[in-house]
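The block underneath contains the structure these notes are about, expressed in structure tokens.
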Amino acid sequence: MAITLPELPYSTDALTPYLSPETFEYHYGKHHQTYVDNLNKLIAGTAEETASLDEIIMAAEGGKFNNAAQVWNHNLYWNSLTPNGGGAPTGAAADAIAESFGSYEAFREQFKAAAVGQFGSGWAWLVRDGSQLAIMATGNADLPMKHGKTALITCDVWEHAYYVDYRNRRPDYVDTFLDHLINWSAVENGLS
Ligand code: MN
């Protein structure tokens, strides 16, 4: 079973002006597609052709891990974004954020610090760790499932995620992610 590039859950101009169609052209159409293509080459003719992406990630190291994890991370990233997203959540997501972080403002401050402070390429995550929510940052392709945690949403902080629209201004990109793009429905769906 070949690994495939999932359809985006919205059109490539749906997140304008926060993320441009050009960003989607490169980030989704080139970077994400290349991780998919590379992984399919690496598993072709092996027993992993019939494995799930999660199974490949948990067993792999080196280049196969990097490409498999980057496919998975980008799958989650696109679903972590939504038109008219961001800002403080409501409902069950709001309750979970308040319970784990004390307040939405505390969550926002900690998530921004993790995303901006990740040196070099990587990811910032909101994860479920037992009954609590927590924030993580990982380098390169590393991801929460390797650390026994369940990822709910992620912010890609590789330069390719923001350089077209924000140049070197990672903090502005992270502010935009938090204030305009977070898909709180994805958080709510991952709570149980
Ligand atoms: Mn990326």
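Both counts, for ligands and for their atoms, begin at 1 and track the order of listing.
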Between Ser20 and Asp165, a side-chain donor and acceptor under 3.5 Å: yes
Below 2.8 Å, any N, O or S contact between His27 and the Mn ion (ligand 1)? yes
N/O/S atom of His32 inside 2.8 Å of the Mn ion (ligand 1), strictly under: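 Of the N, O and S atoms in His32, none lies under 2.8 Å from the Mn ion (ligand 1), which means no.
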Does the plane of the ring in His74 sit parallel, tilted or perpendicular to the ring in Trp78? Use 30° and 60° as the thresholds. tilted
Name the orientation class of the two ring planes belonging to Tyr18 and His180 (parallel below 30°, tilted from 30 to 60°, perpendicular beyond 60°). parallel
The Mn ion (ligand 1) - closest N/O/S atom in Asp156: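 The Mn ion (ligand 1) is closest to the Asp156 atom OD2, counting only N, O or S.
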Answer yes or no: is there a side-chain heavy-atom contact under 4.5 Å between Glu109 and Tyr104? no
